[in-house]
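Report on the structure given below.
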Amino acid sequence: MACGALAAPVREIVARRGWPAAVTPLPAVLHNRPRQIVQTAERVVAAALAAGRTVVLAYADCGSYGALDDLCARYGVRRLPGLHCYDVFAGADRMAAMFGAEPGTYVLTDFLLRGFDRLVVAELGLDRYPELWDDYFGHYTRLVWLAQQPSPALAAEADRVAGRFGLPLTRVDVGVSRLEQALAGLVAA
């Protein structure tokens, strides 16, 4: 099972490695409602285990404040390390240093850039109430794009989003190697 934001790179890694695995994505919008992550994950985990499948969660904590770890302990499954997918892509120490250096950092991933209007603008109601933009985002001072598989189209989207924020954009090329290493550790165990 994978976080919706990680599903595409997880599928690519699974296919390239030839792992006999099915990737079941959970809806990425659950990040806007982290309490529902565990409820949704539990249904999927329980069903997969009941069907005799081995389960790993391609999910970081993602705002569950340890509840996802409790779920993993109850069902004897493991998950990706980290507080959020940013840690999975860039490393926890690097992210902590980035936030420590500039606490007003808003982080974008390839997935978030592709779905920004749907996942952020529409989900927060900013398409209907644009006057709330500053209430949500007025305290940010910069954007950081953790580029996993950058392309000209994603770079253009990153520039568009940065323009919407009116903030400088820093691109940090992270790739998917950390994700792949973490998945390999989960699969090997």
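Only this structure's heavy atoms are used, side chains among them; waters, hydrogens and symmetry mates stay out.
- Across all their heavy atoms, F99 and T105 have their closest contact at CE2-O, 3.6 Å.
- In this structure, the separation between OH on Y106 and NE2 on H139 is 10.0 Å, given to the nearest 0.5 Å.
- Looking at heavy atoms from C-beta onward, L68 lies out of side-chain contact with C62 at the 4.5 angstrom threshold.
- Taking Y86 as the reference, H84 meet the ring-ring contact (aromatic ring centres under 6.0 Å, His included) condition, with sequence neighbours excluded.
- In terms of heavy atoms, A184 sits closest to R17 at CB-NH1, 3.8 Å.
- Applying the side chain to side chain donor-acceptor pair (under 3.5 Å) definition to pairs two or more places apart or across chains, those involving residues 112-124 are R33-E123, D117-R160.
- Atom CZ of R35 has 12 or fewer neighbouring heavy atoms from other residues, nucleotides or ligands inside a 6.0 Å radius.
- What you find for G66 and D61 is that their closest heavy atoms are N-OD1, 3.0 Å.
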task: Determine, stepwise, if the pair V55 / Y75 fulfils side chain to side chain contact (heavy atoms under 4.5 Å, CB included).
output: CA-CA 9 Å; V55 176; Y75 286 92; over 6 Å; no
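- Contact annotation: the side chain of L132 never approaches that of L124 to less than 4.5 Å [non-hydrogen atoms, C-beta and beyond].
- Judged as a salt bridge (charged side-chain N to carboxylate O under 4.0 Å, His left out), and not counting sequence neighbours, R178 has no contacts.
- Taking each heavy atom of A162 and L169 in turn, the nearest pair found is CB-CB, 3.8 Å.
- Hydrophobic clustering (ILVMFWY, side-chain heavy atoms < 4.5 Å, transitive): Y65 and L26 are in distinct clusters.
- Summarising the geometry, atom CG belonging to L186 is positioned 10.0 Å from atom CZ belonging to R79; distances are rounded to the nearest 0.5 Å.
- To the nearest 0.5 Å, the span separating CG on L30 from OH on Y59 amounts to 5.0 Å.
- The OG atom of S64 lies 13.0 Å from the CD atom of Q36; values are rounded to the nearest 0.5 Å.
- Heavy-atom minimum distance, P150 versus D110: N-OD2, 4.2 Å.
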task: Could you give me the CA-CA distance, side-chain angles and deciding distance for W145 and V161, then say whether side chain to side chain contact (heavy atoms under 4.5 Å, CB included) is met?
output: CA-CA 10 Å; W145 170 26; V161 170; over 6 Å; no
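- Partners of R16 according to the salt bridge (charged side-chain N to carboxylate O under 4.0 Å, His left out) rule, which considers only residues two or more places apart in sequence or in another chain, are E180.
- V88 and V187 end up in the same hydrophobic cluster when Ile, Leu, Val, Met, Phe, Trp and Tyr side chains are linked at under 4.5 Å.
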- prompt: Going through the checks in order, is the side chain to side chain contact (heavy atoms under 4.5 Å, CB included) test met by R94 and V174?
  reply: CA-CA 11 Å; R94 188 178 196 181; V174 294; 3.8 Å; yes
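- D173 meets the salt bridge (charged side-chain N to carboxylate O under 4.0 Å, His left out) test with R171; sequence neighbours excluded.
- No single ILVMFWY cluster, assembled from side-chain heavy atoms under 4.5 Å apart, contains both L108 and L83.
- The CG atom of L113 lies 9.0 Å from the CG atom of L143; values are rounded to the nearest 0.5 Å.
- L179 CG to C85 SG: the interatomic distance, rounded to the nearest 0.5 Å, is 9.5 Å.
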- prompt: Does the side chain to side chain contact (heavy atoms under 4.5 Å, CB included) test come out yes or no for L80 and L183, once each step is laid out?
  reply: CA-CA 7 Å; L80 290 173; L183 287 172; 4.1 Å; yes
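- Every side-chain contact (heavy atoms from CB on, under 4.5 Å) that L119 has, sequence neighbours left out, goes to A28, V29, F111, L112.
- With a 4.5 Å cut-off on side-chain heavy atoms, T170 and M98 do not count as touching.
- Counting heavy atoms from C-beta on, the side chains of V107 and M95 come closer than 4.5 Å.
- In this structure, A7 and V23 approach most closely via the heavy-atom pair O-CG1, 4.4 Å.
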